2 protein chains.
Amino acid sequence: MLGSVPLSAPDSAAAMKAKSVLKTRFRILSGEVIALGPGKVELLRLIVETGSLRQAAVRMDMSYMRAWKLVLIMNASFREPLVAALRGGRTGGGAQLTPAGRKVLALYARMEKEATRAVKRSWTQLQRQLK
Amino acid sequence: MLGSVPLSAPDSAAAMKAKSVLKTRFRILSGEVIALGPGKVELLRLIVETGSLRQAAVRMDMSYMRAWKLVLIMNASFREPLVAALRGGRTGGGAQLTPAGRKVLALYARMEKEATRAVKRSWTQLQRQLK
DNA sequence: GGTCGTTATATTCTGTCAAATATAACGCGT
DNA sequence: ACGCGTTATATTTGACAGAATATAACGACC
């Protein structure tokens, strides 16, 4: 038995420093409603990727209805809609970002990068306090 | 009727540009659990301010139990506890931040400032897209 | 030793948000 | 005309996070 690790589950917490992750997130409020946040942004990304609101919803493991409501809120919150949808046709239709949508998505991504960079030093210090 | 505003509720959305607000928030994951986030940080702040977990909970309009559970998670996630509680005594006891707690709180606040600053330009651009 | 306000903890209840479900409409191909 | 896959929308169902409730323990002071 020499060399065996005594009495600890495979994934035991003993001396296991859990990997720590920083998520930098923005929430944009327009009045009371959340015009944009991490979830809505991810949805926008997946709409670009899939060209379909339904498929984007599936990818996010959420109901189509929820995804659709998020789009409603976004479109109502900005000066111009971010998502344009078509229905009918051979493929049944689909959804894509408007120019405004692409712009907003790009700006949000830029903000994420800027913030992550600005915070890096403090984060490594904070990380030292974690288990 | 000249000059009267025709048929609009006092708070009507007609031409009302809702005030837009950016919330920069961090979520710190230690493995699966959220070691720190906006809610827990606010709780820390109110513990400093009130010296009592119960009073802090009331201020945040949450149950004592919830506040207490948040503290449990925080204390378990960091190398040293962030909150120290006493019970008994004339005043019934109380809670305060440990040195580690104060340090973590300060670092989080610093990160908020750094991120807000770094993002300012992009945010004003994004804001222009909002209603 | 009794009171007071707090921390500490388990158990039950409930309000809310999202999932499920159902239905309609759309329009290009065949 | 019909089928297909999508968008669009209302209504019902359900899960679960957090609230409520209850109870105990603590310890300084009178």
Side-chain angles (χ1 to χ4, degrees), chain A residues 25 27 29 32-77 80-98 100-101, chain B residues 25 27 29 32-77 80-98 100-101:
Chain A
R25 4 186 30 226
R27 172 176 286 181
L29 299 175
E32 301 294 285
V33 323
I34 302 176
L36 205 63
K40 296 197 181 74
V41 167
E42 179 64 9
L43 185 59
L44 291 182
R45 286 179 179 137
L46 286 171
I47 287 172
V48 169
E49 196 172 331
T50 64
S52 153
L53 185 48
R54 166 150 271 128
Q55 283 178 47
V58 168
R59 285 271 202 101
M60 288 189 71
D61 199 34
M62 72 168 63
S63 65
Y64 168 83
M65 196 181 154
R66 174 156 170 65
W68 171 70
K69 280 183 177 173
L70 295 182
V71 168
L72 272 193
I73 292 174
M74 284 190 273
N75 281 351
S77 299
E80 300 175 57
L82 306 190
V83 176
L86 291 180
R87 62 178 171 180
R90 174 168 104 253
T91 66
Q96 54 180 326
L97 297 203
T98 63
Chain B
R25 359 182 40 223
R27 172 175 287 182
L29 299 174
E32 299 295 284
V33 323
I34 302 177
L36 206 64
K40 297 197 180 75
V41 167
E42 178 64 10
L43 185 59
L44 292 181
R45 284 178 180 138
L46 286 171
I47 287 172
V48 171
E49 195 173 331
T50 64
S52 152
L53 185 49
R54 166 149 272 128
Q55 284 178 48
V58 169
R59 286 271 203 99
M60 288 190 72
D61 199 34
M62 71 169 63
S63 66
Y64 168 83
M65 196 181 154
R66 174 156 169 66
W68 170 69
K69 281 183 177 173
L70 295 183
V71 168
L72 272 193
I73 292 173
M74 283 190 274
N75 281 351
S77 298
E80 300 176 56
L82 305 189
V83 176
L86 292 179
R87 61 178 171 179
R90 177 165 193 56
T91 65
Q96 54 180 325
L97 297 202
T98 63

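Chain A is the first sequence line, chain B the second, and so forth, proteins listed ahead of strands; every chain is numbered from 1. Only a predicted model underlies this, so the values are computations on that prediction, with no experimental measurement involved.
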Hey, can you pull the donor-acceptor pairs under 3.5 Å for the side chains in residues 81-98 of chain B, sequence neighbours left out?
unit_1	atom_1	unit_2	atom_2	d
T91(B)	OG1	G93(B)	O	3.4
T98(B)	OG1	P81(B)	O	2.6
T98(B)	OG1	L82(B)	O	3.3
T98(B)	OG1	A100(B)	N	3.4
T98(B)	OG1	G101(B)	N	3.0

Worksheet entry | Nearest-nucleotide 5' precedence on DNA chain D, L53(A) against R66(B) | L53(A)

Worksheet, complete the sentence: Separation between CD (Q55(A)) and CD1 (I47(A)), nearest 0.5 Å, reads 11.5 Å

Fill in: Closest nucleotide among dA8(C), dA19(C), dA8(D) to the M62(A) side chain
dA19(C)

Extract all donor-acceptor atom pairs below 3.5 Å that involve side chains of residues 32-39 of chain A and protein atoms in other chains or at least two apart in sequence.
none

Practice prompt. To the nearest Å, give me how far apart NZ (K69(A)) and C1' (dA18(C)) are.
Written response: 8 Å

Worksheet entry | Euclidean distance, atom CE of residue M60(B) to atom P of dA19(D) [Å, nearest integer] | 10 Å

Worksheet item: For dT6(D), does either OP1 or OP2 sit under 4.0 Å from a side-chain N or O belonging to Q55(A)?
Response: yes

Discussion item. How many whole angstroms separate atom CG of L46(B) from atom P of dT6(C)?
Written reply: 15 Å

Check the interface with nucleotides 22-25 of chain C: list each N/O to N/O pair with the protein under 3.5 Å, or write none.
none

Worksheet, complete the sentence: Separation between CD (E49(A)) and CZ (R59(A)), nearest 0.5 Å, reads 4.5 Å

Item to complete: Let me know the distance between CG of L70(A) and C1' of dA18(C), rounded to the nearest Å.
Response: 11 Å

Worksheet item: Between atom CG in D61(A) and atom P in dC17(C), what is the gap in whole Å?
Response: 20 Å

Practice prompt. Locate the shortest heavy-atom distance separating W68(A) from L53(A); write the atom from each residue and the value.
Written response: CA-CD2, 3.8 Å

Worksheet entry | Contact summary for L43(A) and M74(A), nearest pair of heavy atoms | CD2-CE, 4.3 Å

Worksheet item: Base, sugar-phosphate, or nothing: which does M65(B) touch, judged by heavy atoms less than 4.0 Å apart?
Response: base

Worksheet item: To the nearest angstrom, how far is L86(B) atom CG from dA8(C) atom C1'?
Response: 13 Å

Could you list all N or O pairs between the protein and nucleotides 28-30 of chain D that sit under 3.5 Å apart?
unit_1	atom_1	unit_2	atom_2	d
dA28(D)	O4'	R90(B)	N	3.4

Worksheet, complete the sentence: Residue pairs meeting side chain to side chain donor-acceptor pair (under 3.5 Å), one or both in residues 35-46 of chain B, sequence neighbours left out, come to R45(B)-E112(B)

Worksheet item: Please give, in whole Å, the distance from dG18(D) P to Y64(B) OH?
Response: 17 Å

Nucleotide N/O of nucleotides 13-15 of chain C paired with protein N/O under 3.5 Å:
none

